[in-house]
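See below for the structure under consideration.
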Protein chains: 2
Amino acid sequence: MDIKNEQSMEQAILETAERIFLEKGFALTSTTEIAREVGCNQALVHYYFRTKDNLFNTIFEQKFKMFFELVFNLEKLEELSFLDKLKHIIESHFDMVRSNSKLPLLIITEFSRRPEQLNILKEKLQAIPERLFEKLNAELDAEIVAGRIRPISLMDLIMTTVSLNISLFLLMPIAGEIISLNEIQRQFVVEHRREEHVTLILNSLRP
Amino acid sequence: MDIKNEQSMEQAILETAERIFLEKGFALTSTTEIAREVGCNQALVHYYFRTKDNLFNTIFEQKFKMFFELVFNLEKLEELSFLDKLKHIIESHFDMVRSNSKLPLLIITEFSRRPEQLNILKEKLQAIPERLFEKLNAELDAEIVAGRIRPISLMDLIMTTVSLNISLFLLMPIAGEIISLNEIQRQFVVEHRREEHVTLILNSLRP
DNA sequence: TATATATTTAATAGAGTTATTAATTGAATG
DNA sequence: CATTCAATTAATAACTCTATTAAATATATA
């Protein structure tokens, strides 16, 4: 409603669609609802994006890439020790998931229910991490050889980090409801887990 | 089709519905499809369960309870040390998630998208864990006081265990596709992570 | 201003969904 | 065997959703 002059209709549709898709997923979101919330005719959604699939993919690919690029944005950590670097990675990843807390579920559900999506993004993703991985991998190996860290693969470290960070936000709505936490208590748990994830992982690396 | 004599139609509908709901979630599953796969008329699904919601809730509640009861089925661990007990819990939980690998996603999506469900199950769930928690909690505290384990709450331990175990199966389909793992390689990763989760958690508990 | 182009809307076809109803078939029992 | 009740089906009402089309309106351009 009357956003028209502030920003383009196309943009308004994109933003509203993103919000609703993140909230309800692809299947439960209708172009009719998007139009209603934007305050425009339903046909306009199809005028700009032709199909609901198109609209979804536009948003999804953009978010998905953003998500992964943020994860692997590890510049300016040169001077840190491996463990400090790792601490920083865990915390940045945590913060990034926290500020996009509905995205992991969307990625997981849409991929497991419409797997064709994967092929589109496969090659785009395979490119990103390689350089960074090699660098970190070398450092990790050096620490292991020096006996300062137990033998472990970088892949395991990444899986652990990602698992802990995303699960917190996947489980929080359910667990918080079951054990009746209010908003402040939930934020407290989130803050506490942010520290715990670092402690847990770093502690576990001791030989 | 022609399952009719081997088991009741009602049962066949339940089982087929369960399979399809687990695969595609509530929204993407239609009673028409369930009937088609069972090999019966679509009205029959409604004859036995009246509404799609009813059918789903019947299945969902049963699975949900089963899931949680399995998790907290910790009898016959009396003679073990705390760490051995913990190892056993992590591994049992892992095995249970592995053999119900599509259930966590269903629980998470249906709860975050149709939260009314939660209230139905809230009190049923609050009852279960208390006894077990108190026992384990006491043992954990004893270990901490004795200086054999770093200070940590049982809640944190449980969250970590659940997070790691369910995330593996949530992420595997995506990650496995992106880095192109075949079925055997995936099983290998799963086996490896089963050990890693135990190592990781037990290691991290050292003071 | 006249004309072309882009944006927006109303209307609707066509497909699919849930749920109900009435009719049909099957099984069981007196 | 006839009757009763349960199981099953065919038909369909009432929706909702996506996508398209043609008409209306706004904007830009010459």
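Heavy-atom basis, side chains included; hydrogens, waters and symmetry copies ignored. In what follows, chains are A, B, ... by sequence order, proteins preceding strands, each numbered from 1.
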Can you check each nucleotide of nucleotides 14-21 of chain C against protein heavy atoms at under 4.0 Å and return B for base, S for sugar-phosphate only, - for none, in 5' to 3' order?
-> ---SBBB-
Rounded distance (Å) that lies between atom [atom2] of [N] and atom [atom1] of [X]:
| X | N | atom1 | atom2 | result |
| --- | --- | --- | --- | --- |
| F56(A) | dT18(D) | CZ | C1' | 16 Å |
| L44(A) | dT8(C) | CG | P | 5 Å |
| N41(A) | dT21(D) | CG | C1' | 13 Å |
| F49(B) | dA7(D) | CZ | C1' | 14 Å |
| L28(B) | dC17(D) | CG | C1' | 14 Å |
| M9(A) | dT27(D) | CE | C1' | 15 Å |

Under 3.5 Å, is there a donor-acceptor pair between the side chain of T16(B) and the main chain of A12(B)?
->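 Pair found, side chain donor or acceptor close to backbone of A12(B).
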Is any NZ, NE, NH1 or NH2 atom of the basic residue among [X] and [Y] found under 4.0 Å from an Asp or Glu carboxylate oxygen of the other?
| X | Y | value |
| --- | --- | --- |
| E91(A) | K87(A) | yes |
| R186(A) | E177(A) | yes |
| E191(B) | R98(B) | yes |
| E15(B) | R19(B) | no |

Member of E33(B), E110(B), E37(B) meeting the salt bridge (Lys or Arg N to Asp or Glu O under 4.0 Å) criterion with K24(B) =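 Going through the options one by one, the only one that passes is E33(B).
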